[in-house]
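Below is one structure; the comments refer to it alone.
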Amino acid sequence: MQEYPFESKHSRELTQRLERSMPGGNTRSSVFYKPFPLAIERGDGYKIWDADGNEFIDFLNNYASLVHGHSHPAILKAISDQAARGIIFSSPSAVQAELAERICDRIKTIEKLRFTNSGTEAIMVAVRAARAFTGREHIVMAEGGYHGSWDQVCASSMQSVSGIPESIKELVHFVKYNDSKSLEQIMEAHGKQIAAIVLEPVLGAGGIVTGSHEFFKTARKLADKHQALLVLDEIITARLALRGYQSVIGVKADITALGKIIGGGLPVGALGGRKDIMDLFDPTKPNFISHSGTFNGNLLTMAAGCVSLDLLTEKEITRINSLGAKLQKNLSEVFAEHRLDGTVNGCGSLLQLNLPASLLSKFHLMALKEGIYFAPRGFMNISTAMNENLIDGATQALARAAAQLSQESRISALS
């Protein structure tokens, strides 16, 4: 097994141990990378340490769910205090109301909501609600969009996903992101079958591509024209603006899906929207939509989520968005200085490094050597634990990694 250019014995041993009981040594495909994933054992603020004691600046933050970094004292206290009173009961709870009220107050298009345990579930139930409300079955998605691991929305190109029934593919129509004409053509051809247009205000896994005002204005207009619902996936983008990124691009969702930041780092999802749609879940009404889940609204997540949202003020959102913009600018200059064939996309506190696949995997490894931790696919995000001095130091570290990559690339080209 290939080694890292730093001590990684314990991470390697854990991978080998996990391989004996888990296929590929992992239970989450997105965290796998070669030569083997580092085993992270501890986190504090913006820092993490692996099983061998190597220290990193964490620019991944569990794929943006840890908007306040690791082990924030106020969030830990909320979890501990709630755990002492109870983890979960088969009953309603005041802390559920507290988090729901905070969300409804922040995102004005959410009049009522329901909690789930993941973003995947939130989208799944949102689509179910759209189908029940419209009496239709088909949905529209953007190429490059990612809405979780549910069969019908798990990838923008279902041909590449094993285990997806052919019949499922017939229910999903793909459009080019930010291409109003593409959306118009699909809706004109299939509008009477469409229950929902499902879009991210900013493409996440698709490369941090910001939605255009024109595209989303068109989406809203076409949804209304064809009596479909507009479902916005703000699972990642809710961190970008106090009222959700839909407030920035100037569009009102019928249903909004949330996750990540509303759980304080614990498993969470939510869907909410217009009262007339969400009332379909009201068990006092005939033919209501049944939606259960043993851990829906669990008390630890609710308590952590309340603190997470309280800490994520408009001032803090503006600050981390500014840090993200600074890092994007800095890394763009680093790539240009070292003549690397790459770009850096960004939207506020979210960034995406774009390099050819062979270079990106090498850059990821070299960045780890320099103490910088981000997603193997190049995704980065900023937490409130970070500041300008940290961004400056990280830029210098990534510049060293870029210089090494550039040098190796030139040597390889000459050989």
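Reckoned from all heavy atoms, side chains included, excluding hydrogens, waters and symmetry mates.
- In this structure, Phe56 has its ring center no closer than 6.0 Å to that of Phe374.
- In terms of modelled atom types and a separation under 3.5 Å, the side chain of Arg136 and the main chain of Ile194 share a donor-acceptor contact.
- Each of Tyr33, Tyr373, Phe379 was checked for a ring pair (Phe, Tyr, Trp, His ring centres under 6.0 Å) with His364, and the lone residue meeting it is Tyr33.
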Derivation of the salt bridge (charged side-chain N to carboxylate O under 4.0 Å, His left out) call for Arg400 and Glu370 = CA-CA 8 Å; Arg400 292 192 295 270; Glu370 295 293 338; 2.8 Å; yes

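- In this structure, the side chains of Leu222 and Thr218 come closer than 4.5 Å at one or more pairs of heavy atoms.
- Donor-acceptor pairing under 3.5 Å is recorded for the side chains of Arg239 and Ser349.
- Between the side chains of Thr109 and Gln246, at least one donor N or O sits under 3.5 Å from an acceptor N or O.
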Could you walk me through whether Ile391 and Asn330 pass side chain to side chain contact (heavy atoms under 4.5 Å, CB included), step by step?
-> CA-CA 9 Å; Ile391 298 301; Asn330 290 355; 4.1 Å; yes

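- Remark: of the listed residues Ile236, Asp233, Ile110, Ile110 is the sole one forming a side chain to side chain contact (heavy atoms under 4.5 Å, CB included) with Leu258.
- No more than 12 heavy atoms of other residues, nucleotides or ligands sit less than 6.0 Å from atom CD of Glu314.
- Within the model, atoms CD1 of Ile249 and CZ of Phe216 stand 4.0 Å from one another, a figure rounded to the nearest 0.5 Å.
- Here the CZ-CG distance, from Phe59 to Leu398, works out to 7.0 Å after rounding to the nearest 0.5 Å.
- The shortest non-hydrogen separation linking Leu355 to Gly342 is CD2-CA, 3.6 Å.
- With values rounded to the nearest 0.5 angstrom, Gln193 atom CD is found 10.5 Å from Met187 atom CE.
- There is no side-chain donor-acceptor pair under 3.5 Å between Ser167 and Glu170.
- Considering every non-hydrogen atom in both Tyr177 and Pro201, the closest pair reads OH-O, 2.9 Å.
- Leu365 CG to Gln404 CD: the interatomic distance, rounded to the nearest 0.5 Å, is 8.5 Å.
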Using the side chain to side chain donor-acceptor pair (under 3.5 Å) rule, take Thr343 and Asn354 through it: C-alpha gap first, then chi angles, then the decisive distance, then the call.
-> CA-CA 5 Å; Thr343 59; Asn354 301 301; 3.2 Å; yes

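- Heavy-atom contacts from other residues, nucleotides or ligands closer than 6.0 Å to NZ of Lys326 number more than 12.
- In this structure, the side chains of Tyr46 and Asn387 stay at 4.5 Å or more apart for every pair of heavy atoms.
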Would you check, one step at a time, whether the test side chain to side chain contact (heavy atoms under 4.5 Å, CB included) holds for Leu359 with Ser409?
-> CA-CA 8 Å; Leu359 291 182; Ser409 297; 3.5 Å; yes

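- Residues Ala126 and Val231 approach most closely at CB-CG1, 4.2 Å, considering heavy atoms.
- Between Leu60 and Met380, the closest side-chain pair of non-hydrogen atoms is not below 4.5 Å.
- The residues Asp81 and Arg85 are annotated as not salt-bridged, no charged nitrogen and carboxylate oxygen being separated by less than 4.0 angstrom.
- Side-chain N or O atoms of Arg114 include none that pairs as donor or acceptor with a backbone N or O of Leu271 at under 3.5 Å.
- In this structure, the side chains of Phe115 and Leu99 come closer than 4.5 Å at one or more pairs of heavy atoms.
- A donor-acceptor pair under 3.5 Å is formed between the side chain of Ser308 and the backbone N or O of Ile261.
- In terms of heavy-atom proximity, Ala130 sits nearest to Thr134 at O-OG1, 2.8 Å.
- Between the side chain of Thr256 and the backbone N or O of Leu232 there is no donor-acceptor pair closer than 3.5 Å.
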Could you check Leu353 against Leu331 for side chain to side chain contact (heavy atoms under 4.5 Å, CB included), going step by step and ending with a plain yes or no?
-> CA-CA 9 Å; Leu353 309 182; Leu331 294 184; 3.7 Å; yes

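- Remark: the backbone N or O of Val209 is not paired with any side-chain donor or acceptor of Asn345 at under 3.5 angstrom.
- Under the 3.5 Å distance criterion, the side-chain polar atoms of Arg243 are left unmatched by any main-chain donor or acceptor of Lys108.
- In summary, Arg274 and Glu111 do not engage in a salt bridge, as defined by a charged side-chain N under 4.0 Å from a carboxylate O.
- Here the closest heavy-atom approach between residue Asn321 and residue Leu240 is recorded as ND2-O, 3.0 Å.
- If you check the side chains of His138 and His190, you find no donor sitting under 3.5 Å from an acceptor.
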Would Arg42 and Asp50 count as a salt bridge (charged side-chain N to carboxylate O under 4.0 Å, His left out) if you check the C-alpha gap in whole Å, the side-chain angles of each, and the deciding distance to 0.1 Å?
-> CA-CA 7 Å; Arg42 185 165 66 91; Asp50 70 11; over 6 Å; no

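- Residue-environment remark: CD (Glu55) exceeds the threshold of 12 foreign heavy atoms within 6.0 Å.
- Between Glu316 and Arg319 there is a salt bridge, since at least one side-chain N of the basic residue sits less than 4.0 Å from a carboxylate O of the acidic one.
- A salt bridge links Lys112 and Asp279; the closest N-O separation between the charged side-chain nitrogens and carboxylate oxygens is under 4.0 Å.
- Heavy-atom neighbours of Phe281 CZ from other residues, nucleotides or ligands within 6.0 Å: above the threshold of 12.
- Residues Gln152 and Met141 share a closest heavy-atom pair of O-SD, 3.8 Å.
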Going through the checks in order, is the side chain to side chain contact (heavy atoms under 4.5 Å, CB included) test met by Phe288 and Asp282?
-> CA-CA 6 Å; Phe288 72 94; Asp282 185 344; 5.6 Å; no

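- Contact of the Thr27 side chain with the Leu18 side chain is not registered, since no non-hydrogen atoms from C-beta on lie closer than 4.5 Å.
- Side-chain contact between Arg102 and Cys306: present, with at least one pair of heavy atoms (C-beta onward) separated by less than 4.5 Å.
- Salt bridge annotation for Lys169-Glu166: present, with a cationic side-chain nitrogen under 4.0 angstrom from a carboxylate oxygen.
- Although no hydrogens or angles enter the test, the distance criterion places no donor-acceptor pair under 3.5 Å between the side chain of Gln328 and the main chain of Ser332.
- Taking the side chain as every heavy atom from C-beta outward, Ile139 and Ile197 never approach each other to under 4.5 Å.
- Separating the NZ atom in Lys315 from the OG1 atom in Thr384 is a distance of 13.0 Å, to the nearest 0.5 Å.
- Using a distance-only test at 3.5 Å, with no hydrogens or angles considered, no donor-acceptor pair links the side chain of Asn61 to the main chain of Tyr63.
- Using a distance-only test at 3.5 Å, with no hydrogens or angles considered, no donor-acceptor pair links the side chain of His226 to the main chain of Ala228.
- For the atom pair NZ (Lys77) and CD1 (Ile75), the distance works out to 13.5 Å, reported to the nearest 0.5 Å.
- Side-chain atoms of Thr395 and Asp392 form no donor-acceptor pair, as typed in the model, at a separation below 3.5 Å.
- When atom types are taken as modelled, the side chain of Arg220 and the backbone of Lys252 share a donor-acceptor pair closer than 3.5 angstrom.
- Here the side chains of Val67 and Lys260 are not in contact, with every heavy-atom distance at 4.5 Å or above.
- Side-chain contact annotation: Asp44 with Ser71, donor-acceptor N/O pair under 3.5 Å absent.
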